[in-house]
Enquirer: 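Below is the structure I would like to discuss, written out as C-alpha cells.
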There are 2 protein chains.
Amino acid sequence: MYRSHTNGELRLSDINEEVTLSGWVQKVRDKGFMIWVDVRDRYGITQLIFDEERTPKEIMEQAKSLGREFVIQVKGKVIERQSKNRNIETGEIEVLVSKLTVLNASLTPPFTIEDETDGGEELRMKYRYLDIRRNPVKDNLIFRHKVTMEVRKYLSDGGFIEVETPYLIKSTPEGARDFVVPSRMNEGQFYALPQSPQTFKQLLMVGGMDKYFQIVKCFRDEDLRADRQPEFTQIDCEMAFIEQEDILNVFEGLTRHLLKEINNIEVDKFPRMLYDDAMRLYGNDKPDIRFGMEFGELNEVAQHKEFGVFNNAELVVGIAVPGGNKYTRKEIDKLIDWVRRPQVGALGMIYSRCNDDGSFKSSVDKFYDQEDLAKWAEVTDAKAGDLVCILSGDTNKVRAQLSALRMELAERLGLRDPKVFAPLWVIDFPLLELDEETGHYHAMHHPFTSPKPGQLELLDTNPGEVKANAYDLVLNGNEIGGGSIRIHDKKIQATMLKHLGFSEEDAKAQFGFLMDAFEYGAPPHGGLAFGLDRLVSILGGQETIRDFIAFPKNNSGRDVMIDAPAPLDDEQLTELSLKLNLKS
Amino acid sequence: MYRSHTNGELRLSDINEEVTLSGWVQKVRDKGFMIWVDVRDRYGITQLIFDEERTPKEIMEQAKSLGREFVIQVKGKVIERQSKNRNIETGEIEVLVSKLTVLNASLTPPFTIEDETDGGEELRMKYRYLDIRRNPVKDNLIFRHKVTMEVRKYLSDGGFIEVETPYLIKSTPEGARDFVVPSRMNEGQFYALPQSPQTFKQLLMVGGMDKYFQIVKCFRDEDLRADRQPEFTQIDCEMAFIEQEDILNVFEGLTRHLLKEINNIEVDKFPRMLYDDAMRLYGNDKPDIRFGMEFGELNEVAQHKEFGVFNNAELVVGIAVPGGNKYTRKEIDKLIDWVRRPQVGALGMIYSRCNDDGSFKSSVDKFYDQEDLAKWAEVTDAKAGDLVCILSGDTNKVRAQLSALRMELAERLGLRDPKVFAPLWVIDFPLLELDEETGHYHAMHHPFTSPKPGQLELLDTNPGEVKANAYDLVLNGNEIGGGSIRIHDKKIQATMLKHLGFSEEDAKAQFGFLMDAFEYGAPPHGGLAFGLDRLVSILGGQETIRDFIAFPKNNSGRDVMIDAPAPLDDEQLTELSLKLNLKS
C-alpha cells in the first residue's frame, strides 16, 4: 500500500495517527537541525518534518538528499504544527517522518512546478507532463471533467441518448478540409475523419432515436489560426419532432444548468437578437453584451455636409466610449494608429469629444457644427465626458473594424469581466454567404440547414436575403454553439445542393445515403453543437482553449512532446499503396 | 409544437384529453368503416382510431392513404379502448383522431420494421437508419448509453478524472498496425490514430493526475476477424501510487456496480485464477466458469500401456461431459468429426463411457483395462452417466482444441446461460510470448508492463518463464478487460525494449518522450482497459458486438451505408503530397 491518505486529507483531527503518504517533493527547507519537506499530489500538499531530536540520523541524511520532484513515500505520525498555515487545508498539521523511501528520483525539471512558472510556452508544451503537475493546468483539466459530467447528466436526465458515431467515415469536400486515412484493406481508398457527426446524427433522427447527444472529437485540416486545434471536442446534439423554439429552450436550460452548477451563477432568460440586429448594433454575429457601446449609424446626420470621406461611404457608424473625453490627444492618436493596423484595416477614425459643459469638440469641426455633433452624440448614446469614435466605409468592412475597436476599448476599460456571464441567442442567420473571391454562395451554417418557411423561392432571385432556421449561442462575445433546423425533405435538399453548386452526380456520390434516408420517413429535426473547448475555457474565466486541453497541438499542428506527425517508413507506405509526392 | 405526448405515455388517466402525437406508421388495419393505425416513436406505440361515425370523411380518406413508415402528426382525443392490449403500456387507450397531417411520406422499407425482421444482415447494414428503428437495435443503443453513464458515474464518484487524450498521435510499429493520417501542413509526415491512449495515460500519471479514465475510440488496422471492428471503444483507466491489488479492487467494484445497476444481479467477490492454472484447467486464458468440465491431465494414468498415440503425446488431457454416456455411437462420431474440423484441428478423440453400473466402455479398450478407465474418470471428475473425451498431442495445441470442445459441448448442453454472470480475474500472465513464426519474443500485454518483482533477471536466461504484473478480467468466457502494473523506471524500460528487439535508436525515436518522462519523477502506476463493445454486449446477454454499435463496419472494414472508404480526388492527394502506388 503506497499511502493511507492523500496529501490533501490530513487535519487536526488526525493528530497522533500513523500515516503513509506518497507524492512529489515540492520544496525542501533545510535548516540543518531541522528539515521541512512539502510533499505534493493531485489533492494537495502536506508538510513533512525531520528534526535532529526526533528523527534518526540516517533519515535526516536521506531527507537532505531529496531534490525537487523526487517521488517519495513516507511513514510517520501526524503532529500539530507550531506555526500554522491557514492558506492550505492541511496547514494545521505536519507529519513527523519515521521512514522515507525514494520511489523515483528526478532530474531538475526544466521549469518550476509552481502556479506561476518560469517556463515559456514551448518548453511547457514539450514537457507537458510536468506542466500538468502545476495547479492551474491540473485544475483546468479537473474543471473540464466536471463540466462534461454535468453536461452528460443534464442531457441524459432529459432523455437524450449518447450514441457513438464512427470516426472512419467518408470525405466530403464541403466545408473545411478533411483529414483522411488510407485504407490498407481497400486499396487506393480513404476514410475521412469527421468534421462533425452531422450526417450521422441526422440519420439517427431518421432512425427514430429522437434525442441524441455525444461529446465527440472532430477534425479539421485548416491552416491554424491562433487558438484553433486540428482536433477539437464538440457537444453534439440533435432532436426530432421539434421546432427552433424547443431547441433553444433545451440548450438554454443546459447552459443555465452549467452556469449554476459550475459557476454558481443564476442567469435570467437569455435574450435573443436577430442576426441583422447583431450586425447593425455590434458589427458582429457574436456580440459581447456584457457592456453597451452599441453602434449608432450616422449616415443621416453625417452625410449632409461637404465631408467627402463620409459622403462617399456606404456606412458611417460610431460608438460612444464611456469617459473617453479624458483621453489626451496623444492617446487618441494611438487609438487611430490602432484601427489603422493591418489586422483592423480602417483608413482613419473621426472622433468627437463630449465636453462636460455640453459642448463638443471634433476632429472634423471644419465640416460639422455643434448641432451636428449633438446629433452624433444622441445617435451613439454618448453622455457628457464620453468620446464618440466614428469609422466609415464599406458596410461589412467598417462594421468589422468598429467591432474590433469596441472590443479593444472595452478590454482597456475593464468592461469584459470574466466573472460576468452574458449569454445571448443570435437567430435568423442568412442561409447563404457570398464568397467574395469566387462570387459563389456557400452555406453559412452547412448545406443541411433549412431556410425559413416560405423563403425557398427567394433562392433563385435573391439568395443572399434568404434567412435560415439557424441560431448561435453566444457567451461573452464568443460563439459557444450553433445549430439549425435541418431539411428533412429530399427535394428541398436536392434544391439546396444545386444552389450550392453541386452537380446531381456529386450530390448523389457524397450525400446519396442521406437523401435516400429522407425517402424512408425522415421526421422534422434539428440540433446544435457546442464547442466544448471554448465553452469550458469561458466558464473557467479564461479565453485560451489550449489551457483546457491535456495535450494540445501547436500552431503548425504539431505535438511537440511526442514529436508528431513524423515520417512513415517505406514499408508502411507500400503496404498502404502510397508513395510520397513531395513538392519540395 | 409537434407533440404534446410521446407514443409511450398515454394511460387511462388521460382519458378525454386532447393530445397531439407524432411518429411513424407502424401498422394500418383498415376494416372499411373503421381504421386503426399504430403510430410509433422511440418511447412506444399508440393506437389511433378513425371511424365512419365519429371521424370526418376526408380524414378517413387520408388515413386510408397512409403507408408503413409514413411520418405523421395527429390531434385527437384519448378514449378508452374496447379491447385492451395488456402487452403494451398504452394498451388501455386509443386516440380518436380529429386531424391528421402527413409530415413526410415513405417508400416501402426494404425490410420490415419489426422485432423479428425479414431483412438480412447486409441489407440492414445498408439501411442502418431503418434498422435502428427496430426495438432490438434501438434498445441496445439505449442500453449502451446506460452502461456508459453508470461507468462514468462510478469512476467519477471514485475520484477518477476523465481526460481526453489526442487522436492525432504518432505511429509506433509495436503491436497491431496503425491507421495513419497524412499531414498537409507537415509535408511527407503522418499522424497515427491511437491503438489505445497507453502512453498518454502513463504521461498523465507522471503528470500527477493520479486517477484517470476515458471512454475513448481506439483504432487497429487488422485483417478483420469476425466480430472485430477497425474502430472500437475502450474504457481506459490508470492509477498512480497503487499495487495490483488496488486496481483489481477498483475495477471489480466497477463491474459489480454495473451488474447491480444494469442487470440487477449481486455477485460475490470475484474469484482469481493464475494464468498457468487457467491454461491447465481450461486450456484457455479466458475460461468460462459458469460451468465445470475442468480438464484432467491424464499423462500419468494413460502413458503406461502400449497406446502410441498417447505415449508420444506431450499432453494427454480429458474432460467429463455430464450425461454424455447417452450419446449414440453416431453422435460421438459426429463429435470426433467436429474436433477434426480444420478450425479445431485435432487428429482424433478418444472417449470412455461411464456406465450407470460403474463399468466403463472406451474406444481404446484394446489397450486399457477397467482400472485404467476408472482412474481417467477419477482424474476428470466423471460420474456414472458421463462421457470422458480425451485429446492428446502438443500441449499448447491440445489445450486449445479441448477448450474449443468444452465450449461447444457446454453450448449444446445449455450450460452457457446468458443470464448467469461469472466474472473471474486471471492473474500472473507471462511477460513475453514466443512468436513461433519468427522465433522472437514479444510483449504479451505491451512493452510497458512490469515483470513481477525479482524476475527481471530471468529475462536473459529464461524469458518465457518471466511472469508479469498483468491481469485480465474475464466474464463468461470473454476477456472484457486487461491491464498491468507499468514500468516506471527508465532503465528497466530500456532493458525491456532491448529484449523486445528495439535498437537503442528505435526505442528513443518511438518512446523517447516516455523514457524522458520517467526521468522527471514518474510514480509507480498501473491500469487497465475494458473493451466497451464487448462488455456491453455481454451485459446485454448477447455475444455480437456489432448489435451494440450504431454504425458498425463490415468484415472488410467498409461502412456499406455511406460507402466508405472511397477514392480521393487527385487534387486532395496532391495537396497531401501523396501519389497512389497500387499493387494491382
Side-chain angles (χ1 to χ4, degrees), chain A residues 2-3 22 24 42 69 71 104 106-107 109 129 132-133 141-142 145 149 156 161-163 166-170 179 181 183-186 188-191 203 206-208 210 217 221 231 241 513 517 519-523 550-551 556-557 561-562 564-568 577-582, chain B residues 2-3 22 24 42 69 71 104 106-107 109 129 132-133 141-142 145 149 156 161-163 166-170 179 181 183-186 188-191 203 206-208 210 217 221 231 241 513 517 519-523 550-551 556-557 561-562 564-568 577-582:
Chain A
Y2 278 102
R3 59 188 174 197
S22 290
W24 287 266
R42 187 182 112 194
E69 301 306 316
V71 186
N104 216 342
S106 176
L107 298 179
Y129 45 87
I132 291 173
R133 286 189 200 157
L141 296 180
I142 294 175
H145 167 67
M149 285 299 290
S156 187
I161 303 295
E162 184 161 21
V163 180
Y167 279 83
L168 297 173
I169 65 167
K170 189 170 169 172
F179 281 106
V181 181
S183 165
R184 183 180 52 86
M185 296 200 5
N186 300 273
Q189 302 192 15
F190 295 74
Y191 302 100
L203 291 173
V206 177
D210 206 81
K217 274 281 174 80
D221 182 13
E231 51 178 304
F241 299 114
F513 59 96
E519 297 212 280
Y520 289 100
F551 299 101
S556 326
M561 179 184 70
I562 64 170
L568 282 193
S577 305
L578 289 177
K579 249 201 299 215
L580 293 185
N581 178 25
L582 302 183
Chain B
Y2 278 103
R3 61 188 173 197
S22 290
W24 286 266
R42 188 183 110 193
E69 301 306 316
V71 186
N104 216 342
S106 174
L107 299 178
Y129 46 86
I132 291 173
R133 286 189 200 157
L141 296 180
I142 295 174
H145 167 67
M149 286 300 290
S156 186
I161 304 296
E162 185 161 20
V163 180
Y167 278 84
L168 297 173
I169 63 166
K170 189 170 170 172
F179 282 106
V181 181
S183 165
R184 184 180 51 86
M185 297 201 3
N186 301 274
Q189 301 191 16
F190 295 74
Y191 302 100
L203 291 172
V206 177
D210 206 80
K217 273 282 175 80
D221 182 13
E231 51 177 305
F241 299 114
F513 59 97
E519 298 212 280
Y520 289 99
F551 299 102
S556 326
M561 180 185 70
I562 63 170
L568 283 194
S577 304
L578 289 178
K579 248 200 300 215
L580 293 185
N581 178 26
L582 302 183

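So that the names make sense, note that chain A is the first sequence line, chain B the second, and so on, each numbered from 1.
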Enquirer: So what's closer than 4.5 Å to chain A heavy atoms on B/Arg3: side chain, backbone, both or neither?
Expert: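 For B/Arg3, the contact with chain A is made by the side chain alone.
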
Enquirer: Looking at B/Ser556, B/Ala566, B/Ala564, which has the largest count of heavy-atom pairs under 4.5 Å with chain A?
Expert: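 The option with the most such pairs is B/Ala566.
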
Enquirer: Rounded to the nearest 0.5 Å, what's the gap from CD1 on B/Ile562 to NZ on A/Lys170? Could you check?
Expert: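 Taking CD1 in B/Ile562 and NZ in A/Lys170, the distance rounds to 6.5 Å.
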
Enquirer: What residues form a ring pair (Phe, Tyr, Trp, His ring centres under 6.0 Å) with B/Phe241, not counting sequence neighbours?
Expert: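 Scan of B/Phe241 (ring pair (Phe, Tyr, Trp, His ring centres under 6.0 Å), adjacent residues dropped) gives A/Trp24.
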
Enquirer: Between B/Met561 and chain A, with a heavy-atom cut-off of 4.5 Å, which part of the residue counts as in contact: side chain, backbone, both or neither?
Expert: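 For B/Met561, heavy atoms of backbone and side chain both lie under 4.5 Å from chain A.
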
Enquirer: Under 4.5 Å from any heavy atom of chain B, what part of A/Ser156 do you find: side chain, backbone, both or neither?
Expert: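 Both the backbone and the side chain of A/Ser156 come within 4.5 Å of chain B.
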
Enquirer: Taking A/Ser183, A/Gly521, A/Pro567, A/Ala550 one by one, which has the highest count of heavy-atom pairs under 4.5 Å against chain B?
Expert: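 When all of A/Ser183, A/Gly521, A/Pro567, A/Ala550 are compared, A/Gly521 has the most.
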
Enquirer: For B/Val163, is it the side chain, the backbone, both, or neither that has a heavy atom closer than 4.5 Å to a heavy atom of chain A?
Expert: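 Interface part for B/Val163: side chain.
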
Enquirer: Against chain A, work out which of B/Ile132, B/Val206, B/Leu203 has the most heavy-atom pairs shorter than 4.5 Å and name it.
Expert: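 It is B/Val206.
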
Enquirer: Find the distance between NZ (B/Lys217) and CG (A/Leu168) and round it off to the nearest 0.5 Å.
Expert: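 Answer rounded to 0.5 Å: 8.0 Å.
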
Enquirer: Take the angle between the ring planes of B/Phe179 and A/Tyr191 and call it parallel below 30°, perpendicular above 60°, tilted in between.
Expert: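 Rings of B/Phe179 and A/Tyr191: perpendicular, over 60°.
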
Enquirer: With rounding to the nearest 0.5 angstrom, report the CG to CG distance, A/Leu580 to B/Asn581.
Expert: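 A/Leu580 CG to B/Asn581 CG: 10.0 Å, rounded to 0.5 Å.
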
Enquirer: Between chain B and each of A/Met149, A/Glu231, A/Glu162, A/Glu69, count heavy-atom pairs under 4.5 Å; write down the option with the most.
Expert: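 It is A/Glu231.
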
Enquirer: Is there a donor-acceptor pair closer than 3.5 Å between any side-chain N or O of A/Asn104 and the backbone N or O of B/Ala522?
Expert: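 Pair found, side chain donor or acceptor close to backbone of B/Ala522.
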
Enquirer: Output all residues satisfying ring pair (Phe, Tyr, Trp, His ring centres under 6.0 Å) with A/Tyr2, sequence neighbours left out; order by chain, then residue number.
Expert: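 Testing A/Tyr2 for ring pair (Phe, Tyr, Trp, His ring centres under 6.0 Å), a comparison that skips the adjacent residues, returns none.
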
Enquirer: Most heavy-atom pairs under 4.5 angstrom with chain B, which of A/Pro523, A/Pro565, A/Gly188, A/Pro109?
Expert: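 Option with the top pair count is A/Pro565.
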
Enquirer: Would you mind telling me which of A/Leu141, A/Ile169, A/Asp210, A/Ile142 has the largest number of heavy-atom pairs within less than 4.5 Å of chain B?
Expert: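 Max contact count across the listed options: A/Asp210.
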
